[in-house]
S.K.: 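Encoded as structure tokens, here's the structure I'll be asking about.
These numbers were taken from a predicted model, which means no experiment stands behind them.
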Amino acid sequence: MALDASVKAAMKAKLDEMAPQRDEAIAWIQAVTGEEIGEETLDEWLHSGVVLRAGRAATRPGECATSFTEAMPACQRCKSEAMPACQ
């Protein structure tokens, strides 16, 4: 199902409006985790869960028992570790 041109335009306008907040969030995540976004979109960068786990490990040491270098969507990873936050 294709999006109507007016809906696409409204979505783009909203994303453009939110660019300063997005850029601030990216800068904070990079500072906390030491990870760089590179050429990926924010969605692509966060999707695997690696960066999110690095952020969690940096801000809540000791809560993540396993390595965070393996790509796996965040809630799938939480469920595999029996973490109640995602279940």
Side-chain angles (χ1 to χ4, degrees):
M1 181 176 184
L3 289 177
D4 179 83
S6 64
V7 173
K8 285 183 182 178
M11 289 173 60
K12 183 181 178 340
K14 189 64 173 175
L15 287 173
D16 290 345
E17 178 185 319
M18 295 175 63
Q21 293 93 336
R22 181 196 61 229
D23 294 343
E24 184 179 343
I26 290 169
W28 182 84
I29 294 167
Q30 291 179 139
V32 168
T33 65
E35 301 282 335
E36 295 292 325
I37 191 168
E39 298 297 316
E40 296 175 292
T41 66
L42 181 59
D43 293 341
E44 293 167 340
W45 190 44
L46 298 178
H47 181 75
S48 73
V50 172
V51 175
L52 294 172
R53 285 183 53 87
R56 184 171 183 167
T59 58
R60 302 176 101 175
E63 281 195 11
C64 295
T66 60
S67 170
F68 50 82
T69 58
E70 181 185 338
M72 181 187 297
C75 278
Q76 182 180 351
R77 184 180 304 275
C78 289
K79 288 178 183 176
S80 73
E81 294 178 5
M83 295 176 73
C86 293
Q87 295 179 1

S.K.: Flag yes if more than 12 heavy atoms outside Gln21 fall under 6.0 Å of its CD atom; otherwise flag no.
M.R.: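 It does: Gln21 CD has more than 12 such atoms within range.
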S.K.: With rounding to the nearest 0.5 Å, note down the distance linking CG in Leu15 to OG1 in Thr41.
M.R.: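 The OG1 atom of Thr41 is 10.5 Å from CG of Leu15, to the nearest 0.5 Å.
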S.K.: With sequence neighbours excluded, give me every salt bridge (charged side-chain N to carboxylate O under 4.0 Å, His left out) pair touching residues 16-34.
M.R.: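 Listed once each, the pairs are Lys12-Asp16, Lys14-Glu17.
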S.K.: When rounded to the nearest 0.5 angstrom, what is the spacing between CG in Leu52 and CD1 in Ile29?
M.R.: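 CD1 of Ile29 is found 7.0 Å from CG of Leu52.
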S.K.: Any side-chain heavy atom of His47 sitting closer than 4.5 Å to one from Asp43?
M.R.: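 No, their side chains stay 4.5 Å or more apart.
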S.K.: Which residues pass the side-chain contact (heavy atoms from CB on, under 4.5 Å) test with Gln30, not counting sequence neighbours?
M.R.: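 With sequence neighbours excluded, Gln30 shows a side-chain contact (heavy atoms from CB on, under 4.5 Å) to Ile26, Glu36, Ile37, Trp45, given in chain and number order.
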S.K.: With sequence neighbours left out, write down each residue that passes side-chain contact (heavy atoms from CB on, under 4.5 Å) with Thr59, or none if nothing qualifies.
M.R.: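 side-chain contact (heavy atoms from CB on, under 4.5 Å) list for Thr59, sorted by chain: Trp28, Val32.
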